[in-house]
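All residue numbers refer to positions in the sequence shown, counting from 1.
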Amino acid sequence: MKSTGLKRQTVFDQPSWRLATDAVEAFVTCRGGHLAPVTFQTAAGPVQPFAIAPWHGEKLPKGSPGVLKPLRGDFFCAPFGSGPRPWRGENHPPHGETAEGAWQLLGRESGPASLVAELKTRVRPGRVVKRIALRPGETNLYLRHEFHGMSGLMSFGHHATLKFPAKPGSGRIALSPWRFAQVCPEQFEDPALGGYNSLRRGAVFRDLRRVPLAAGGTTDLTRYPARAGFEDLVMLSARADTPYAWTAVTFPEQRYVWFALKDPRVLASTVLWHSNGGRHYAPWSSRHRAVLGLEEVTSNFPFRPRGLRRLQSRVAARHPDRPAARPAPAPGRALHHGRRGHPAWIRHGAHDQFPRRSPRAARRFRPVRPPCRGPFLSASHSMKRSEINAIYRQALACFARHHWALPPAPRWDITDFGLRDFPRFGLTLINLATEPEYCEKLMYARRGQTTPCHTHAKKKEDIICRSGELTLQLWPKQPVAGAALPPTLTVPVNGTPTVIRTGEPYALPAGSRVTLVPGVWHAFYPTSDECIIGEVSTANDDLHDNFFLNPDIGRFPGLEEDEPAAIRLISEK
């Protein structure tokens with residue numbers, strides 16, 4: 001890739017590359033690839049969530065780990081953590097060469113607000129490629145790391161650190177569903193050296209609000225800063241059966257939320273590092289306070305994994321049909337990650353989730369987003385309430401003209417699929433019946449509106465043209481560039497098996513239906529001025545069974561409250 005000559009600037013004593021859009025300004029250190037400072041321009045004003053070590057610009061004590069010199073924001077660790085002795089002859093520095101080595105700029109990838117850099121590793125020879133991108137109008141930052149030319153077991157992770165306001169409990173922490181959680185089972189800090197912990201070593205817990213303390217009783221880890229004078233570490237293992245996982249912190253008084261999205265099949269766990277003045281030795285000197293690490297990892301806490309050969313065999317035995325790069329089913333275990341492995345991606349964002357609500361309403365963050373092909377959250381794309389109200393009235397008028405009576409208190413679902421262009425990509429849906437065994441919907445669309453290409457893993461459905469004319473495009477497999485697809489597929493139309501050419505428009509007149517089984521990719525749009533569309537299907541799961549081809553898509557939009565609501569949407573309940 002030809003370099004585009006991103007200029008370097010010295011920021012907080014570190015030569016760094018600058019990326020910027022109208023919504024985000026970000027700096028990446030040349031040494032270690034640490035991401036910070038980052039300024040998000042939210043509706044609540046500019047915010048800078050990431051922490052920067054207070055000793056920047058100082059001369060560190062001799063023998064200090066190299067990662068401490070640029071320490072800030074988010075950085076990639078391969079391997080994650082450190083250990084007391086080499087493993088199979090490999091003696092990695094703490095948090096790996098990726099966290100302290102000199103990254104080489106390769107250039108831009110997808111526009112001026114992007115960066116591609118690589119680091120050539122020596123301990124385990126190979127390359128790690130870092131890709132960072134910003135998008136105009138989005139308060140999001142996209143990160144991706146790839147391993148090239150190396151193989152073998154490796155723990156790794158994104159090490160994000162946030163700086164909290166000094167007021168106790170100023171931030172509220174929430175995570176997507178998890179299945180196992182534990183306090184660090186080994187000594188994390190040594191009091192003889194001036195390091196102190198408050199949580200009970202090795203304690204397993206089920207509720208983040210009730211975590212055992214070493215001195216007895218419990219403490220609430222959903223609020224921070226807390227427990228001044230201590231350093232603590234806990235790990236929570238994400239549910240591997242979900243298509244994405246998230247970690248979020250709301251700041252009610254500052255009126256914004258920071259979040260990270262990840263693929264839990266690759267980054268299996270979240271480590272919470274509570275750093276609140278518990279290290280009294282240099283260079284920490286009890287001044288690294290109100291900092292929370294929210295570290296998305298596949299690792300065994302910050303220590304090098306043990307018994308890796310046995311763990312690798314266990315993974316292979318449970319998943320003989322999968323690449324060896326899948327994470328082990330238990331929390332914090334190592335995985336084999338080489339050329340065949342999934343790249344580790346993560347997305348950071350900061351949004352004004354609640355511009356018109358009180359801080360009390362901001363205490364919990366619950367993102368609503370179905371699976372898609374990339375790390376995206378619907379809250380980054382908003383529809384105005386006035387637009388929702390107008391679409392609702394338009395659909396009601398159409399139903400009235402065609403004598404379609406709706407049931408009492410129907411459940412409305414109006415979406416632009418996160419693409420911010422409802423006239424081109426929009427759909428209005430009403431759930432008529434939602435039962436454990438079956439579902440029925442009524443949909444409304446106008447000429448020019450396309451429901452983007454997607455598929456379902458579980459749902460079987462009949463799509464019915466109730467009025468007007470509906471055109472579909474169907475594919476037997478995922479229609480990606482360069483993929484060889486069968487020229488035709490056979491689907492039931494009005495109950496009769498019908499051969500349809502792959503990807504070509506197929507018109508469905510009023511009264512006709514097509515039956516689609518899981519795995520058939522489909523898109524549809526009206527070829528009449530307006531169209532009423534029916535859907536009868538097996539049990540519906542909008543949160544976990546929609547897979548879109550376009551990675552920019554989010555199933556439910558965020559909402560901007562510019563006028564009173566005529567209706568409430570499904571995504572608001």
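One distance of note links OH of Tyr256 with OG1 of Thr250; it measures 10.0 Å at 0.5 Å rounding. In this structure, CG in Leu71 is found 13.0 Å from CZ in Phe12, a value given to the nearest 0.5 Å. Interatomic distance, Arg131 CZ to Arg108 CZ, rounded to the nearest 0.5 Å: 15.5 Å. In this structure, CG in Leu236 is found 4.5 Å from CZ in Phe205, a value given to the nearest 0.5 Å. Between the CG atom of Leu267 and the NE2 atom of His145 there is a distance of 10.5 Å, given to the nearest 0.5 Å. Taking OG of Ser269 as the start and CH2 of Trp178 as the end, the distance is 11.5 Å to the nearest 0.5 Å.
The two residues Ala113 and Thr21 have their closest heavy-atom pair at CB-CG2, 3.5 Å. What you find for Val38 and Pro49 is that their closest heavy atoms are O-CD, 3.8 Å. Here the closest heavy-atom approach between residue His158 and residue Asp74 is recorded as ND1-OD1, 3.5 Å. Across all non-hydrogen atoms, the minimal contact from Leu35 to Ala26 is CD1-CB, 4.0 Å. Here the closest non-hydrogen pair linking Val128 and Trp103 is O-CZ3, 3.3 Å. Taking each heavy atom of Ile173 and Leu292 in turn, the nearest pair found is CG1-CD2, 3.7 Å.
Partners of Ala20 under the side chain to side chain contact (heavy atoms under 4.5 Å, CB included) rule, at least two apart in sequence or in another chain, are Arg18, Glu25. Partners of Ser275 under the side-chain hydrogen bond (donor to acceptor under 3.5 Å, both in side chains) rule, at least two apart in sequence or in another chain, are Glu231, His288.
Residues Phe75 and Val67 have side chains in contact (heavy-atom distance under 4.5 Å, counting atoms from C-beta outward). Side-chain atoms of Lys130 and Leu119, non-hydrogen and from C-beta on, never get closer than 4.5 Å to each other. Contact annotation: the side chain of Leu272 approaches that of Leu294 to within less than 4.5 Å [non-hydrogen atoms, C-beta and beyond]. Residues Val129 and His148 have side chains in contact (heavy-atom distance under 4.5 Å, counting atoms from C-beta outward). In this structure, His159 and Glu295 have side chains that are in contact, with non-hydrogen atoms separated by less than 4.5 Å. For the pair Leu199 and Leu213, the minimum side-chain heavy-atom distance is below 4.5 Å. Residues Asn140 and Phe259 meet the side-chain proximity criterion, which asks for heavy atoms closer than 4.5 Å. A 4.5 Å side-chain heavy-atom check between Arg209 and Asp220 finds at least one atom pair inside the cut-off.
Panel note: side chain Asp13, backbone His56; no donor-acceptor pair is recorded below 3.5 Å. Thr139 contributes no side-chain N or O that, together with a main-chain N or O of Phe40, makes up a donor-acceptor pair within less than 3.5 Å. Using modelled atom types, one side-chain atom of Asp22 and one backbone atom of Gly137 make a donor-acceptor pair closer than 3.5 Å. Side-chain atoms of Trp273 do not come within 3.5 Å of backbone N or O of Thr161 as any donor-acceptor pair. In this structure a side-chain-to-backbone donor-acceptor pair under 3.5 Å is missing from Asp232 to Asn197. For the pair Ser285 (side chain) and Arg287 (backbone), a donor-acceptor distance under 3.5 Å is absent. Panel note: side chain Ser176, backbone Trp246; a donor-acceptor pair is recorded below 3.5 Å. A donor-acceptor pair is defined here as one N or O able to donate and one able to accept, closer than 3.5 Å; such a pair exists between the side chain of Arg179 and the backbone of Ala238. Formation of a donor-acceptor pair under 3.5 Å by the His92 side chain with backbone atoms of Glu97 is not found in this model. No donor-acceptor distance shorter than 3.5 angstrom exists from the side chain of Thr98 to the backbone of Gly96, with no hydrogens or angles considered.
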Take Asn276 and Arg227 through the side chain to side chain contact (heavy atoms under 4.5 Å, CB included) test and state the conclusion after the steps. CA-CA 7 Å; Asn276 203 9; Arg227 299 169 302 284; 5.6 Å; no

*Intermediate values then yes/no, side chain to side chain contact (heavy atoms under 4.5 Å, CB included), Ile132 and Leu141*: CA-CA 7 Å; Ile132 303 178; Leu141 196 149; 3.7 Å; yes

inquiry  = Determine whether Thr29 and Arg72 satisfy the following criterion, side chain to side chain donor-acceptor pair (under 3.5 Å), listing intermediate values before the conclusion.
reply    = CA-CA 9 Å; Thr29 64; Arg72 64 194 65 191; 5.7 Å; no

Using side chain to side chain contact (heavy atoms under 4.5 Å, CB included), reason through Thr42 and Arg255 one step at a time and then give a plain yes or no. CA-CA 9 Å; Thr42 73; Arg255 305 183 70 81; over 6 Å; no

Take His34 and Gln14 through the test side chain to side chain contact (heavy atoms under 4.5 Å, CB included) and record every step on the way to the result.
-> CA-CA 10 Å; His34 294 223; Gln14 287 295 310; over 6 Å; no

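For Phe156 and Phe147, the distance between ring centers is under 6.0 angstrom. Checked against a 6.0 Å centroid threshold, the rings of His95 and Phe80 count as neighbours.
Residues Gln48 and Thr39 have side chains that bring a donor and an acceptor to within less than 3.5 angstrom of each other.
Around atom CZ of Arg289, more than 12 heavy atoms belonging to other residues, nucleotides or ligands sit under 6.0 Å away.
Salt-bridge check for Arg279 with Glu189: passed, with a basic side-chain N closer than 4.0 Å to an acidic carboxylate O.
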